[in-house]
Number of protein chains: 2
Amino acid sequence: MSLATDTTDQPTLYKRIRADIEKRILTGEWPPGHRIPFEHELVARYGCSRMTVNKALSELAQADLIERRRRAGSFVRRPQHQSAVLKIADMRAEITALGRAYGYELIGRKVRAATAADRDRLGVKKAGKVVAITCRHSADNVPFAVEDRLIDLASVPDAATADFSREPPGSWLLHHVPWTEAEHTISAIVADDRTAEALDIAVGAPCLVIDRYTWRSARTITAVRLLYPGDSHRLVARFKGG
Amino acid sequence: MSLATDTTDQPTLYKRIRADIEKRILTGEWPPGHRIPFEHELVARYGCSRMTVNKALSELAQADLIERRRRAGSFVRRPQHQSAVLKIADMRAEITALGRAYGYELIGRKVRAATAADRDRLGVKKAGKVVAITCRHSADNVPFAVEDRLIDLASVPDAATADFSREPPGSWLLHHVPWTEAEHTISAIVADDRTAEALDIAVGAPCLVIDRYTWRSARTITAVRLLYPGDSHRLVARFKGG
DNA sequence: TTGACTTATATGTCTAGACATATAATCGTG
DNA sequence: CACGATTATATGTCTAGACATATAAGTCAA
């Protein structure tokens with residue numbers, strides 16, 4: 001006998017249970033520290049099997065909204081107020097999503113033996129060959145970002161012969177390297193002469209910097225630095241509220 | 001008869017299945033587009049019930065590593081190379097995590113009727129009272145960030161009487177507002193006179209800006225702008241690789 | 001009071017089924 | 001050949017059990 005199934009069962013049962021609990025947490029009805037009803041109580045309330053409420057609670061635990069402790073129960077977690085999910089979209093997707101025309105231009109490309117600076121930047125010890133690429137992304141023919149990239153040819157030999165004059169190296173890598181992990185570092189600088197010219201901004205104007213370091217199973221793939229005009233571009237990160 | 005359970009079963013079965021598949025994806029053995037064995041095949045391979053492999057695959061789907069399509073099967077997804085999880089930690093936690101001494105200093109605090117600019121910043125229509133707070137966070141007595149915050153008193157009446165001279169408003173809110181959602185915007189500016197003085201940097205030096213807008217169930221709580229010296233501070237975002 | 005031992009219990013995982021549902025593939029028909 | 005109807009099938013959800021395990025709480029002795 002399911003009593004609390006008032007809402008039309010458009011979503012599935014476990015999703016409704018999850019949404020139900022989530023709502024109570026987000027509205028503050030169940031504040032941090034509050035004990036969620038035990039699984040057997042929810043089973044009784046929703047008139048379903050334990051596996052169903054378990055699935056709902058497990059997902060809430062995975063989303064860090066609740067904490068589950070054996071023998072003790074499930075508790076609303078304190079919000080990690082200041083953590084966020086930042087989505088740095090693919091450059092083309094990012095620009096077209098703004099309803100603007102994407103443009104790409106290769107500025108420089110060079111294959112060379114890795115210098116000490118290159119090795120340091122890629123985080124590799126052994127000497128080897130690398131490709132250094134400089135290019136520019138634009139939106140409606142206005143410079144949007146300049147990209148300065150290093151690809152380790154020991155990890156991605158094909159990059160030596162790839163044609164980056166039409167396809168951005170980021171897109172090319174996305175299609176040629178199966179799966180990667182990455183670390184981003186965000187900082188700010190002021191534009192030097194070269195940057196100012198490339199982005200068509202004033203020398204001394206603020207720039208947002210994203211350094212991305214990418215690897216696959218402990219093997220370095222690429223290191224890239226993206227420079228955005230700081231006053232026009234914005235990264236938006238939305239806290240995952242479920 | 002479980003054949004492929006070679007590894008010692010320290011973790012649980014579904015976790016081993018998940019890790020197994022994840023490894024093949026991350027190493028590139030199963031590239032994007034590759035079809036994962038059907039559930040019934042995995043059931044046979046691991047000698048377990050369907051619910052167990054289903055749990056493993058569901059979690060991989062939730063992590064966006066695979067895509068599941070009815071009748072067709074489960075497929076390795078193309079890596080969303082450039083999306084990332086950015087963790088903006090609590091200021092105190094962030095600084096102490098760096099092994100540095102956290103310092104806090106209230107610069108200004110004022111309760112006032114919301115001006116048009118305040119309402120715009122908070123995204124509210126009706127006039128009401130707000131608290132405006134300016135403060136500074138430091139690491140080892142060196143300025144780390146300046147904070148400029150607006151709290152909507154209609155949502156958080158207690159903030160009118162809270163003592164922000166010792167406790168940073170961020171921490172106070174964390175303990176007094178049950179659960180919130182937030183949106184972050186990251187940009188770069190150059191320091192003006194006031195900022196330069198507060199952060200003890202040169203006028204014209206780059207600054208990283210984080211604007212955070214926080215609400216709870218469609219109700220505005222606070223809007224805050226954090227300014228970091230751009231060359232010394234870095235936000236690190238790690239791609240979730242599972 | 002303190003520490004070691006025991007017990008009760010909530011969660012964690014797993015099973016062997018079931019029916020629902022979306023859709024790829026096939027089959028027929030015009 | 002093109003297009004609509006049918007069918008087969010993989011996933012999605014759910015059940016009613018089971019045993020494992022961590023641990024809060026209670027018990028008892030030093």
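In this text, all values refer to a predicted model and were calculated from it rather than measured experimentally.
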What residues, two or more places apart in sequence or in another chain, satisfy ring pair (Phe, Tyr, Trp, His ring centres under 6.0 Å) together with A:Tyr104?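 Listed in chain order: A:His137.
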A:Phe38: ring pair (Phe, Tyr, Trp, His ring centres under 6.0 Å) partners, not counting sequence neighbours: A:His40
Count the heavy atoms belonging to other residues, nucleotides or ligands that lie under 6.0 Å from CG of A:Asn141, then report whether that count exceeds 12. no
Quick check on DNA chain C: between B:Arg50 and B:Lys55, whose nearest nucleotide comes earlier from the 5' end? B:Lys55
Side-chain donor-acceptor pair under 3.5 Å between A:Ser74 and A:Arg68, yes or no?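 Their side chains do contain a donor-acceptor pair, which is all the 3.5 Å distance test asks for.
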For a quick check of understanding: with a heavy-atom distance under 4.0 Å over all strands, which category does A:Ser58 fall into, base, sugar-phosphate or nothing? nothing
Assess whether a salt bridge exists between B:Glu39 and B:Arg50, defined as any Lys/Arg side-chain N lying under 4.0 Å from an Asp/Glu carboxylate O. yes
So, do A:Pro169 and A:Cys135 sit near enough that their side-chain heavy atoms are less than 4.5 Å apart?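 A:Pro169 vs A:Cys135: side chains touch.
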Both A:Arg69 and A:Ser49 contact DNA chain D. Which one's nearest nucleotide lies toward the 5' end?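 That would be A:Ser49.
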When the nearest nucleotide of DNA chain D is assigned to B:Asn54 and to B:Arg71 on a heavy-atom basis, which residue is associated with the more 5' position?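 Here B:Arg71 is the residue nearer the 5' end.
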At the 4.0 Å heavy-atom cut-off to chain A, mark where contacts on DNA chain D begin and end, going 5' to 3'. D:dT13 to D:dA25
